[in-house]
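These notes are about the structure you will find just below.
Note that the structure is predicted; figures quoted are calculated from it, not measured. So you know, we letter chains A, B, ... as the sequences are listed, proteins then strands, and number each from 1.
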Amino acid sequence: MSSPHSPAAVSNFIRTIIDGDLASGLHKSIVTRFPPEPNGYLHVGHAKSICLNFGLAQDYQGKCNLRFDDTNPEKESEEYALSIQEDVRWLGFQWDGEVHWASDYFDDLYAFAVELINKGLAYVDDLTPEEMREYRGTLTQAGRNSPYRDRIVSENLDLFARMKAGEYADGAKVLRAKIDMASPNINMRDPAIYRIRRAHHIRTGDKWCIYPMYDYTHCISDALEGITHSICTLEFEDHRPLYDWVLDNLSIACHPRQYEFSRLELHYTITSKRKLLQLVNANLVNGWDDPRMPTISGMRRRGYTPEGIREFSKRIGVSRSGNSVDMAIMEGAIREDLEARAPRVVAVINPLKVTITNFEGASTREADFHPNHPEFGKRFVAISSALVIEADDFAEAPPSGWKRLTLGGEVRLRHSYVMRCDEAVKDENGKVIELRCSIDHATLGKNPEGRKVKGVIHFLSCEHALPAEIRLYDRLFTVAEPDADKEVDFCTYLNPDSLTVVQGWVEAAVQDAAPETHYQFERLGYFCTDRRDHQPGGKLVFNRTVTLKDSWTKEAGSL
RNA sequence: UGGGGAGUCGCCAAGUGGUAAGGCAACGGGUUUUGAUCCCGUCAUUCGUAGGUUCGAUCCCUACCUCCUCAGCCA
């Protein structure tokens, strides 16, 4: 049974649960949340979560909050918080009301901790981190109770108040939930819920020197916001009993339910914030928004569109099984979106000079910006006796199946004449440096008579073309799962050819394009003017978003 | 070897006691002044393995195998 609100949506276990909750009357409407810690830039894995949480809220006409899980001030910054908001909006989503922060609840959180102490369910522990680890036991051995576990309520109350007041050094004491040191679930072995840390917080400044831990904070934040379905990734599954324990033992009426789905693994890239940070810090990429990065800002700069990323998210679905998604799914989704929206223009990225020896009397015509969308308009296709074509479009000794230019052969110049190659001029090393060709004047806008010309190649008139910097991006890693082997540093799989910068030529129609304008360079791929470096009317910089599907290279490669 | 999960086409992913959706990819064909797009067609007698229950099992039961995950005063 799929959602009545969105019959087109693919069924998944979370929608099934929501449908059930709505049908049973448990909830009248749903409230979800996207809860990032502002400690880094969002990546494609977050995009999946964003599309899931905000998408569910949209489909079921519910609400979705944006909440920053800002409980570890040492790692968090305003820059990250701002970028996250920008990324969520760019993806096309708007959170309900104001942005929420876990730090908004610090006073409540403190009061609830006191409640736990009063109920004999939390205690102040003096064990050092090392001792705590020893007492915790192992996966197969039960832990032991801390010698401080039986402190009386009044003492705990006093000690906790002093922790807050700053009487103890960082790390000297910690507040722990009193649960079960013998639990087979290690998260339940008296987890720390407050630690002492004198760090400047981006929102509360130096007001606090104690900070609540994630497990304790998250469930309460969810409850205070009236979240109905708290959706997170599978690694938090073991934390669910703790999530429930905290809410079950506190005087909060609301008890959201946590559901876990498997996190995204995308071929040829990594989705670990820590490793992404490593690439940035080691200057192995040019910042968080490097177009090779799987960050949302990187994908944006590369030329991926919000619609394309949302389509990708839809295509990969949501489940609890392990997965490793083909880059082809992302590329297919991006191409599908760009195919419909990107105007077609011509660029030559690996130029070979062509001289038309019988140019006299030739004329030009207009060409559509999009073959299937006349409303995109037309532009003038310049031609002259001096052209450049793609060097790859000429072969002296062509493989079988070749449809492009060869000595004595003919091709259609896209939107222009049929041209025959009469002579290949070579340098002293035998490299072809110029082609001398002639055009058939009777073929402008019509097929030649008596013969068929199969190949179509693109070209640019030298005097009309504009120089441009073209950045060709390829996959960041050379293997599908760069971090699969824990013994090998993922950086060893970095693709040395992930970025190639070339000076090429583009047609004049793109001269004044604003940054982030998408084009299809015919026969080459989709490109996007660079957000940072492209200057309309000045220095033109294009990023290759994704190539076109290419059945020829594949065929030629298998010959 | 403790706890918690997962195993359905190359990659995702529905399904659920009644005889395996869909997408991506791939392959074949058609249209095409982009080897693109578009269109048509093909693509799991089988759901990790082995047993069992049943008229009937991917779905229920049992055992086994494989993979993921947990021992931060990170999230």
Please measure how far the [atom1] atom in [N] lies from the corresponding atom in [M], and state the result in whole Å.
N	M	atom1	answer
U58(B)	A44(B)	C1'	12 Å
G23(B)	A14(B)	P	15 Å
G41(B)	C11(B)	C1'	22 Å
G48(B)	C65(B)	C1'	7 Å
A21(B)	G15(B)	P	14 Å
U62(B)	C70(B)	C1'	28 Å
G10(B)	U34(B)	P	35 Å
A50(B)	U8(B)	P	16 Å

Show every donor-acceptor pair shorter than 3.5 Å between a side-chain atom in residues 160-172 of chain A and any protein atom, with sequence neighbours excluded, or say none if there are none.
{"from": "R162(A)", "atom 1": "NE", "to": "D158(A)", "atom 2": "OD1", "distance (Å)": "3.4"}
{"from": "R162(A)", "atom 1": "NE", "to": "D158(A)", "atom 2": "OD2", "distance (Å)": "3.3"}
{"from": "D170(A)", "atom 1": "OD1", "to": "R198(A)", "atom 2": "N", "distance (Å)": "3.1"}
{"from": "D170(A)", "atom 1": "OD1", "to": "R198(A)", "atom 2": "NH1", "distance (Å)": "2.8"}
{"from": "D170(A)", "atom 1": "OD2", "to": "R198(A)", "atom 2": "N", "distance (Å)": "2.9"}

Could you go over nucleotides 27-34 of chain B and give all protein N or O partners under 3.5 Å, atom names and distances?
{"from": "U33(B)", "atom 1": "O3'", "to": "R414(A)", "atom 2": "NH1", "distance (Å)": "3.4"}
{"from": "U33(B)", "atom 1": "O2'", "to": "R414(A)", "atom 2": "NH1", "distance (Å)": "2.1"}
{"from": "U33(B)", "atom 1": "O2", "to": "H415(A)", "atom 2": "N", "distance (Å)": "2.7"}
{"from": "U33(B)", "atom 1": "O4", "to": "R365(A)", "atom 2": "NH1", "distance (Å)": "3.2"}
{"from": "U33(B)", "atom 1": "O4", "to": "R412(A)", "atom 2": "NH1", "distance (Å)": "3.0"}
{"from": "U33(B)", "atom 1": "O4", "to": "G445(A)", "atom 2": "N", "distance (Å)": "2.8"}
{"from": "U34(B)", "atom 1": "O4'", "to": "E522(A)", "atom 2": "OE1", "distance (Å)": "3.4"}
{"from": "U34(B)", "atom 1": "O2", "to": "Q520(A)", "atom 2": "OE1", "distance (Å)": "2.9"}
{"from": "U34(B)", "atom 1": "O2", "to": "R523(A)", "atom 2": "N", "distance (Å)": "3.0"}
{"from": "U34(B)", "atom 1": "N3", "to": "Q520(A)", "atom 2": "OE1", "distance (Å)": "2.6"}
{"from": "U34(B)", "atom 1": "O4", "to": "R344(A)", "atom 2": "NE", "distance (Å)": "2.4"}
{"from": "U34(B)", "atom 1": "O4", "to": "R344(A)", "atom 2": "NH2", "distance (Å)": "3.2"}

Validate the cation-pi geometry between R475(A) and Y268(A): distance from NZ or CZ to the six-membered ring centre under 6.0 Å, angle to the ring axis within 45°. yes

Does the structure place the NZ or CZ of R144(A) under 6.0 Å from the centre of the six-membered ring of Y135(A), at an angle of no more than 45° from the ring's axis? yes

Determine, using ring centers only, whether Y211(A) and Y110(A) are less than 6.0 Å apart. no

In whole angstrom, give the distance that lies between atom [atom1] of [X] and atom [atom2] of [N].
X	N	atom1	atom2	value
Y268(A)	G10(B)	OH	P	17 Å
E555(A)	A26(B)	CD	C1'	15 Å
I329(A)	G10(B)	CD1	P	14 Å
E265(A)	A6(B)	CD	P	17 Å
L242(A)	G4(B)	CG	C1'	14 Å
N12(A)	G22(B)	CG	C1'	14 Å
E336(A)	C38(B)	CD	C1'	12 Å
L52(A)	A13(B)	CG	C1'	14 Å

Given the options R344(A), R379(A), Q520(A), F369(A) meets side-chain contact (heavy atoms from CB on, under 4.5 Å) only with R379(A)

So does R257(A) pair up with D244(A), basic N to acidic O under 4.0 Å? yes

Taking 4.0 Å as the cut-off, does a side-chain nitrogen or oxygen of [X] come that near to OP1 or OP2 on [N]?
X	N	value
R320(A)	A6(B)	yes
S321(A)	C12(B)	no
K549(A)	A25(B)	yes
S551(A)	A36(B)	yes

Since syn is defined as within 90° of 0, does G51(B) count as syn or as anti? anti

So R404(A), base contact, sugar-phosphate only, or nothing? Heavy-atom distance under 4.0 Å. base

Within the 4.0 Å heavy-atom criterion, would you say V418(A) contacts the bases, only the backbone, or no part of the nucleic acid? nothing

Over 60° means perpendicular and under 30° means parallel, so tell me whether H46(A) and H43(A) are parallel, tilted or perpendicular. tilted

Contacts of P398(A) meeting side chain to side chain contact (heavy atoms under 4.5 Å, CB included) (sequence neighbours excluded), chain-then-number -> A395(A), W402(A), T406(A)

Between which residue ranges does RNA chain B form stems of three or more consecutive Watson-Crick or G-U wobble pairs, both distances under 3.5 Å? B:2-7 with B:65-70, B:10-12 with B:22-24, B:26-30 with B:38-42, B:48-52 with B:60-64

What I'd like to find out is whether the side chain of L413(A) reaches to under 4.5 Å of the side chain of V418(A), using heavy atoms alone. no

Within the 4.0 Å limit for protein heavy atoms, which parts of nucleotides 69-75 of chain B are touched? Write it as a string from 5' to 3', B for base, S for sugar-phosphate only, - for none. -BBSBSB

Between the CH2 atom in W245(A) and the CE atom in M188(A), the distance rounded to the nearest 0.5 Å is 7.5 Å

Just verifying a value: how many Å separate T443(A) OG1 and I439(A) CD1, rounded to the nearest 0.5 Å? 7.0 Å

Using the closest heavy atom to pick a nucleotide of RNA chain B for each, name whichever of E237(A) or D550(A) lands nearer the 5' end. E237(A)

Tell me every residue that passes ring pair (Phe, Tyr, Trp, His ring centres under 6.0 Å) with F34(A), counting only those two or more places apart in sequence or in another chain. none

Taking atom types as modelled, find out whether H100(A) and E225(A) have a side-chain donor-acceptor pair closer than 3.5 angstrom. no

